[in-house]
Amino acid sequence: MGFIDERYLLDTEVAADLYQAITDRPIVDPHTHIDLAAVVENEPWTDVWEVEGATDHYVWQLMRKRGVPEEKITGDADNREKWNALAAVFPDFAGNPTYDWVHLDLKRRFGIQKPLNAETADEIWERTKAALDDPGMRPQAVLREMNVEVLCSSDDPTSRLEYHERAEEEVADVDVRPTWRPDRALKIERPEWSTFVSELDAVTDGDVDRFEGFLDALAETHDYFVDHGCVACDIGMGTDPVSKPVSDERAREVYANARRGASLDEDEIRDYKAYLLDFVGELNNDAGWVTQLHIGAVRDYRESLFETVGQNAGGDVSTQDVDLVSGLDHFLDAFDGEMDIVLYTLDPMHYPSATVVARAYPNVSIGPAWWFNDSPLGIENQLERVAAVDLLANYAGMVSDSRKVVSYGSRFELFRRTLATVVGEMVERGRIPFDNAERLVEHVAYDRPKELYGL
């Protein structure tokens with residue numbers, strides 16, 4: 001088998017045949033962190049570092065691991081220096097999916113077959129620089145070339161979605177949807193919560209001095225997103241998912257305390273979050289949205305990196321210390337058989353709990369192997385678990401979870417090839433016939449996410 005050849009990740013002829021059935025299916029991406037302004041403005045990228053490294057904290061983390069100074073990662077060094085620093089250590093990334101993705105990008109988008117290293121850095125820089133001058137390498141053209149049919153951004157409730165309105169007119173052949181992400185509304189213990197309430201007040205008619213007015217204002221933004229084609233809500237639940245019945249009076253009391261700047265105890269914080277989670281669930285259920293729950297991220301764990309670079313810089317980690325089952329029971333029961341719910345768990349140790357929960361509730365699906373798990377190993381392990389305990393036919397499908405436009409095709413290709421290998425092994429072992437396997441991979445790769453999200 002050659003380096004990223006036609007049999008890349010495909011262990012058998014059966015896997016190769018299954019992959020051929022899905023390789024040309026359009027990409028439906030229900031969860032991205034796309035910079036939609038850059039897509040709508042459609043300005044050309046200047047160089048390959050801007051394409052591959054400037055927004056990718058996966059790349060940043062691995063460069064740090066190989067001793068590259070921060071100046072040549074997120075600092076003041078010019079892009080050529082940063083690219084050369086990346087190339088010099090890139091062979092050491094072997095085995096990490098970032099190694100696969102960047103090489104897939106170079107091969108699929110630029111036609112470059114050579115591995116990236118110190119010796120090839122200058123040639124790849126020059127070849128990609130010339131290619132990026134072509135109008136066919138601008139963001140919108142790249143999305144079309146990758147066959148992206150649908151992508152959903154992640155948006156704060158206070159967003160006025162100006163670029164989504166423009167995308168409807170200016171981005172041809174790609175269905176761009178917003179996703180309502182009320183994380184700041186839930187995080188009452190964080191300093192930025194008060195900032196969020198002020199911003200909410202500025203864009204709505206709700207009287208946020210009153211708790212009921214705050215809820216009305218949130219609901220107003222929810223309606224605004226409905227009017228802009230939103231189909232999903234995304235909630236980052238961190239390491240302490242909590243759902244339980246909480247009275248209006250209790251939630252109102254906690255809100256009032258927070259508004260006057262009082263220090264909240266753990267019980268107050270948990271009660272507020274539980275109440276607001278139920279409220280958000282009701283809004284989502286009424287709108288027919290999918291509720292996506294992202295569970296298990298410990299944000300800004302590396303303190304020095306947060307202090308020097310800031311958020312989303314590569315300093316987050318996962319933890320096994322999450323009570324997923326007890327933390328979600330009330331919420332899942334409240335919407336049993338109604339609203340579609342997708343569970344993303346960051347630590348793979350939670351797959352057993354997540355899959356048995358999904359098996360118990362027909363309206364609960366497992367989301368894709370997320371963040372630290374989106375390697376061939378992580379995807380394979382998760383797909384096998386879902387197939388064995390829940391139903392692969394009810395799997396939510398793949399998402400890019402990426403800020404980097406050119407990586408969408410590569411991430412979906414890696415997933416689809418791994419899916420073909422996992423299902424192909426079932427055929428090889430005599431567990432399912434080929435025609436059933438072919439229908440299954442086609443369903444998971446394309447039909448299921450369109451069905452689940454109502455696209």
Which pairs with one or both residues in [range] pass salt bridge (Lys or Arg N to Asp or Glu O under 4.0 Å), sequence neighbours excluded?
range            : value
residues 333-352 : none
residues 362-383 : Asp374-Arg411
residues 85-101  : Arg66-Asp92

So, using salt bridge (Lys or Arg N to Asp or Glu O under 4.0 Å) as the criterion, who are the partners of Arg184 when residues are at least two apart? Asp156, Glu199

Flag side-chain contact, heavy atom, 4.5 Å: [X] against [Y]:
X      : Y      : value
Val142 : Trp45  : yes
Lys273 : Asp240 : no
His222 : Asn284 : yes

Salt-bridge contact [X]-[Y] (side-chain N to carboxylate O under 4.0 Å):
X      : Y      : result
Glu41  : Arg166 : yes
Asp78  : Arg80  : no
Arg177 : Glu149 : no
Asp316 : Arg299 : yes

Would you please say whether a donor-acceptor pair under 3.5 Å links the side chains of [X] and [Y]?
X      : Y      : answer
Thr221 : Trp180 : yes
Ser402 : Ser407 : yes
Tyr453 : Gln292 : yes
Tyr8   : Glu413 : no

Kindly list each side-chain donor-acceptor pair under 3.5 angstrom involving residues 419-430, sequence neighbours excluded, with atom names and distances?
{"unit_1": "Thr421", "atom_1": "OG1", "unit_2": "Leu9", "atom_2": "O", "d": "2.5"}
{"unit_1": "Thr421", "atom_1": "OG1", "unit_2": "Arg417", "atom_2": "O", "d": "3.4"}

Inter- and intrachain pairs under side chain to side chain donor-acceptor pair (under 3.5 Å), touching residues 127-146, at least two apart: Arg109-Glu145

